[in-house]
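To start, the structure under review is shown below, and the notes come after it.
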Amino acid sequence: MIPYGRQDISSEDIAAVVAVLQSDWLTQGPAVPRFEKAVANCCGARHAVAVNSATSALHLACLALGLGPGDSLWTTPNTFVASANCARYCGAEIDFVDIDPHSLNLSPAALAAKLAQAEKAGKLPKVVVPVHFAGQSCDMSAINALAQRYGFRIVEDASHAIGGRYQDQPIGNGRYADITVFSFHPVKIVTTGEGGMALTNDPRLAERMARLRSHGIARDAAAQAAHGPWYYEQVELGFNYRMTDLQAALGESQLRRLDRFVDARRRLADRYDRLLADLPLTTPWRDPASASAWHLYVIRLHAASRRRAVFEQLRAAGIGVNVHYIPVHLQPDYRRLGFSAGDFPVAEDYYVRAITLPLYPGLSDTEQDRVVAALREALA
Ligand SMILES: *Cc1c(COP(=O)(O)O)cnc(C)c1O
């Protein structure tokens, strides 16, 4: 089976993890701050807080921005459930904004319309979570302009997008967002096994997220001077969301190949575009303002009615296709909150046509040719 995504592990990656195993610290040692610094430098952000998943990073980002009961968070329905669940962890209301039919990202026009209505109703969101679907940036300057006007904060879910660029700057530099979140799950661009990170240029947000990551405990030099060197204080209720040194060492080693990973993905995406040009499907739209990190290569069948048969035939042929994403509002746990089919028609129409083809740095041209041949046959 050719999977839809796969990690790339080198002998250097293995050596980096082994070195941690032979060191004094398996967690809370020097590797985590080193990895944080490396990601912050790579993305042009001032601060980075490593955690055990992007899901945890989203949760901490929302808490640091003060999201709580009585507030609301808006995101796109075309995402993994974690982008929305973070609102609910904080006791906030969740709502969605439909996608743009070309970029498949949260639509700034739909956002503007919904904000105008929400303002009249006195129910503006506190936080908006744009998701850079498949690795291509959202229209962040438009979303940021709306944030200025309506006063909401922005958490970019860039789980797909480390190594991507927007307006010729790295995603994660915080030009248009308060906090940027990355995922290091094995199917993503860079992996730590499980892991995530939150980037920000605001030292108070960084400090708050770092404290919440470790039980809400502060180690304050003045308090230690007063009470003794063992002294620490839990100043708020936090979590154990820490990343281990094993994970951070793997991440730091992986990060050195980030450009190579993204280049390899882009080359394969370009090749898919050429090989699929004559088939009855739509290949990914490319925003001239951004350079995608190419986490996913998603095609849309012209005939939605054939999606299931084509998908099953590809799986039977050993092609590990997938579908990204079932619109979050259609999940049973979201329908229970009152959402239903028809609420976000662009995301729903996209979903019924979508198939994610295999894309990862180690995919060979021969394997990619097999994917294309199987798709061609399934569509014949
Ligand atoms: C993978 C993913 C997440 C969750 O990442 P974890 O590191 O597995 O918690 C969140 N949002 C999006 C868009 C993702 O693709």
Side-chain angles (χ1 to χ4, degrees), residues 3-7 32 35-36 39 48-63 73-90 94 96-97 99 103-106 127-138 140 143 154-164 171-172 177 179-199 209 212-213 239-244 247-248 250-251 254-255 265 292-298 322-329 331 334 347 350-351 354 356 359-360:
Y4 87 87
R6 194 183 197 293
Q7 69 277 13
V32 168
F35 182 41
E36 288 173 334
V39 175
V49 178
V51 287
N52 58 0
S53 71
T55 303
S56 301
L58 287 163
H59 185 193
L60 297 188
C62 290
L63 288 174
L73 177 150
W74 295 0
T75 189
T76 167
N78 184 32
T79 187
F80 186 55
V81 291
S83 315
N85 288 344
C86 56
R88 299 172 60 193
Y89 297 152
C90 299
I94 177 73
F96 300 92
V97 178
I99 61 172
S103 69
L104 310 174
N105 280 327
L106 187 147
V127 174
V128 171
V129 180
V131 178
H132 303 321
F133 179 72
Q136 178 163 265
S137 177
C138 294
M140 291 306 297
I143 294 169
I154 299 176
V155 176
E156 284 178 300
D157 184 345
S159 290
H160 299 182
I162 192 170
I171 287 175
I179 298 172
T180 301
V181 167
F182 293 131
S183 171
F184 305 125
H185 181 278
V187 297
K188 306 290 165 70
I189 310 286
V190 160
T191 192
T192 60
E194 295 279 1
M197 202 174 282
L199 272 58
M209 290 190 288
L212 286 165
R213 152 180 78 178
F239 308 88
N240 180 353
Y241 281 171
R242 291 188 302 263
M243 176 179 277
T244 67
Q247 293 167 310
L250 175 56
Q254 287 257 307
L255 194 68
R265 288 172 175 277
S292 179
W294 287 109
H295 167 51
L296 301 174
Y297 190 91
V298 175
N322 215 317
V323 171
H324 298 91
Y325 286 99
I326 303 164
V328 178
H329 69 283
Q331 295 291 346
Y334 278 80
Y350 155 74
Y351 161 63
T356 303
L359 181 66
Y360 50 92

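Counting starts at 1 for both ligands and their atoms, following the listed order. As the structure is a computational prediction, the values presented were derived from the model and not from experiment. Heads up: numbering here begins at 1 and tracks the sequence.
- If you number the atoms of ligand 1 from 1 as listed, the ones under 4.0 Å from a heavy atom of S159 come out as 2 (C), 3 (C), 10 (C), 11 (N), 12 (C), 13 (C), 14 (C), 15 (O).
- Summarising the geometry of I171 relative to F182, their closest heavy-atom pair is O-CZ, 3.7 Å, with the distance given to 0.1 Å.
- Heavy-atom proximity to T79, at under 4.0 Å, picks out these atoms of ligand 1: 13 (C).
- Using a distance-only test at 3.5 Å, with no hydrogens or angles considered, a donor-acceptor pair links the side chain of Q254 to the main chain of T191.
- Although no hydrogens or angles enter the test, the distance criterion places no donor-acceptor pair under 3.5 Å between the side chain of N105 and the main chain of P130.
- Between Y325 and H160, the two ring planes are parallel [angle under 30°; tilted spans 30° to 60°].
- Side chain of T192 to backbone of G251: no donor-acceptor contact under 3.5 angstrom is found.
- Summary of contacts: the protein heavy atom closest to atom 2 (C) of ligand 1 is K188 NZ, 2.6 Å.
- Using cut-offs of 30° and 60° on the angle between ring planes, the pair Y4 and H324 is tilted.
- Residue contacts with ligand 1 for A82 involve side-chain atoms from C-beta outward but no N, CA, C or O (heavy atoms, distance under 4.0 Å).
- The closest approach between a heavy atom of G196 and any atom of ligand 1 is not below 4.0 Å.
- Protein heavy atom at the shortest distance from atom 11 (N) of ligand 1 is D157 OD2, 2.7 Å.
- Heavy atoms of other residues, nucleotides or ligands lying less than 6.0 angstrom from CZ of R6 number 12 at most.
- A donor-acceptor contact closer than 3.5 angstrom is absent between the side chains of N78 and T76.
- Checked by atom type and distance alone, the side chain of H132 pairs as donor or acceptor with a backbone atom of C138 at under 3.5 Å.
- Ligand 1 has at least one atom lying under 4.0 Å from a heavy atom of G195.
- With a 4.0 Å heavy-atom cut-off, ligand 1 is reached by the backbone of A54 and by its side chain too.
- What sits closest to atom 4 (C) of ligand 1 on the protein, heavy atoms only, is T55 OG1, 3.7 Å.
- The atoms of ligand 1 that sit less than 4.0 Å from any heavy atom of S183 are 1 (C), 5 (O), 6 (P), 7 (O).
- Residue V131 approaches ligand 1 through these ligand atoms, each under 4.0 Å from one of its heavy atoms: 13 (C).
- Y325 counts as a contact of ligand 1, since one of its heavy atoms falls under 4.0 Å from the ligand.
- Of the protein's non-hydrogen atoms, the one nearest atom 15 (O) of ligand 1 is H160 NE2, 2.7 Å.
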